[in-house]
Number of protein chains: 2
Amino acid sequence: MGTRYSIRDLADEFDVTTRTLRFYEEKGLLSPKRDNQVRNYSNADRTRLRLILRGKRLGLTLEESSNIILMYDPVNQNTNQLLALIEKIQEKRNQLIEQQKDLELMLQDLDDAEQRCRESLKFTDKR
Amino acid sequence: MGTRYSIRDLADEFDVTTRTLRFYEEKGLLSPKRDNQVRNYSNADRTRLRLILRGKRLGLTLEESSNIILMYDPVNQNTNQLLALIEKIQEKRNQLIEQQKDLELMLQDLDDAEQRCRESLKFTDKR
DNA sequence: AATTACGTTTACGTTAACGTCAAGCTGATG
DNA sequence: CATCAGCTTGACGTTAACGTAAACGTAATT
């Protein structure tokens with residue numbers, strides 16, 4: 001434990017550029033320690049990066065990912081804030097469930113498309 | 001059948017601006033008939049729009065959506081093209097399945113986050 | 001000591017996906 | 001007939017998410 005990563009370590013591991021990591025930091029999505037001005041990432045930073053990139057793959061903006069990450073750690077909040085947070089979480093979950101439906105529809109469409117392709121192949125072969 | 005739509009009909013139905021529809025046309029994603037210079041959309045156009053917007057919700061670029069839509073109609077292709085198309089379809093499906101996994105992970109994370117929220121609420125109530 | 005390899009900040013450039021005018025045409029309506 | 005709503009085609013503006021290049025510091029290697 002206590003593993004630490006350079007900017008290059010993370011860039012290589014997650015296949016992003018160092019520019020991207022600096023940009024995420026500029027936007028407040030990451031805030032690695034500095035060793036004499038040099039960025040030094042913790043496992044927590046690494047996890048946040050994973051979440052950001054997962055969000056990206058799902059089509060979220062960086063701001064959305066940022067907001068979601070904030071939901072993960074409900075420390076030091078009063079009751080009203082916690083209730084508001086639960087609202088937001090449920091809303092985001094509903095959005096994701098809608099997205100799940102879209103995704104299955106597209107998978108179904110692709111299956112149909114492949115079937116039609118194979119049908120076309122049959123005729124193409126016959127001649 | 002044979003229903004036709006004005007640019008406003010579609011814009012209102014799908015909650016996009018007319019600018020968006022013209023932009024999609026400019027990019028070759030839609031090509032409605034013209035009645036005396038005025039755009040006149042068919043059910044096929046409407047379906048394509050639905051597919052484009054579904055792609056957007058899944059985080060696809062317009063070009064990706066465009067490519068996928070091309071896969072849906074394998075008319076007039078030779079054997080090699082059909083085989084290549086099947087390859088593409090399977091590749092896209094694999095990507096979507098990866099995305100499905102990301103999505104379930106995020107749903108799981110959100111559930112966990114909500115649980116932690118409710119835990120915090122308990123303590124907040126106790127005092 | 002000079003080169004190489006990596007890091008830093010600063011700043012301007014780029015692309016996708018539209019938004020936002022401007023200027024004009026067209027058909028219906030008071 | 002005037003005017004108004006709704007369509008058209010440019011054309012320039014905007015934002016997110018980086019890319020790219022300049023100019024510099026530093027540590028290790030030759």
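What you see below is based on every heavy atom in this structure, not just the backbone, and it leaves out hydrogens, waters and symmetry mates.
Rounded to whole angstrom, the span from the CG atom of A/Asp15 across to the P atom of D/dG19 amounts to 11 Å. In this entry the distance linking CG of A/Leu21 with C1' of C/dG7 reads 13 Å, nearest Å. Rounded to whole angstrom, the span from the CZ atom of A/Phe23 across to the C1' atom of D/dG19 amounts to 11 Å. Atom pair B/Glu64:CD and C/dT15:C1' shows a separation of 14 Å (rounding to whole Å applied). Regarding A/Leu30, its CG atom lies at a distance of 12 Å from the P atom of D/dC18, rounded to whole Å. The CD atom of A/Glu25 sits 7 Å away from the P atom of C/dT9 (whole-angstrom rounding). Atoms CG (A/Leu60) and P (D/dA17) sit 10 Å apart, rounded to a whole Å. What separates CZ of B/Arg22 from P of D/dA11 is a distance of 16 Å, to the nearest Å.
The line from CG of A/Leu51 to CE of B/Met106 is 7.0 Å long, rounded to the nearest 0.5 Å. Between B/Arg57 atom CZ and A/Leu58 atom CG the span is 14.5 Å, to the nearest 0.5 Å.
Residue B/Thr17 has its side chain nearest to C/dG19 when only C/dT8, D/dC7, C/dG19 are considered. The listed nucleotides are D/dC7, C/dG7, D/dA17; the one nearest the side chain of A/Thr61 is D/dA17. For B/Tyr24, taking side-chain heavy atoms from C-beta onward, the closest of the listed nucleotides D/dT8, C/dT9, C/dC18 is C/dC18.
Under the 4.5 Å side-chain criterion, counting only non-hydrogen atoms from C-beta, B/Ser66 is not in contact with B/Ile69. Residues A/Glu114 and A/Arg118 form a side-chain contact, since some pair of their non-hydrogen atoms from C-beta on lies under 4.5 Å apart.
Between A/Thr20 and D/dG19 there is a side-chain N or O to OP1 or OP2 distance below 4.0 Å. Contact annotation: B/Arg8 does not reach the phosphate of D/dG6 (side-chain N/O to OP1 or OP2, under 4.0 Å).
With hydrogens and angles ignored, no donor-acceptor pair closer than 3.5 Å exists between the side chain of B/Arg39 and the base of D/dT8. Remark: the A/Arg19 side chain and the D/dT20 base include a donor-acceptor N/O pair separated by less than 3.5 Å.
In terms of position along DNA chain C, the nucleotide closest to B/Lys56 lies nearer the 5' end than the nucleotide closest to the other residue of the pair B/Asn36 and B/Lys56.
Checking A/Gln90 against A/Asn94 by side-chain atom types alone, no donor-acceptor pair falls below 3.5 Å.
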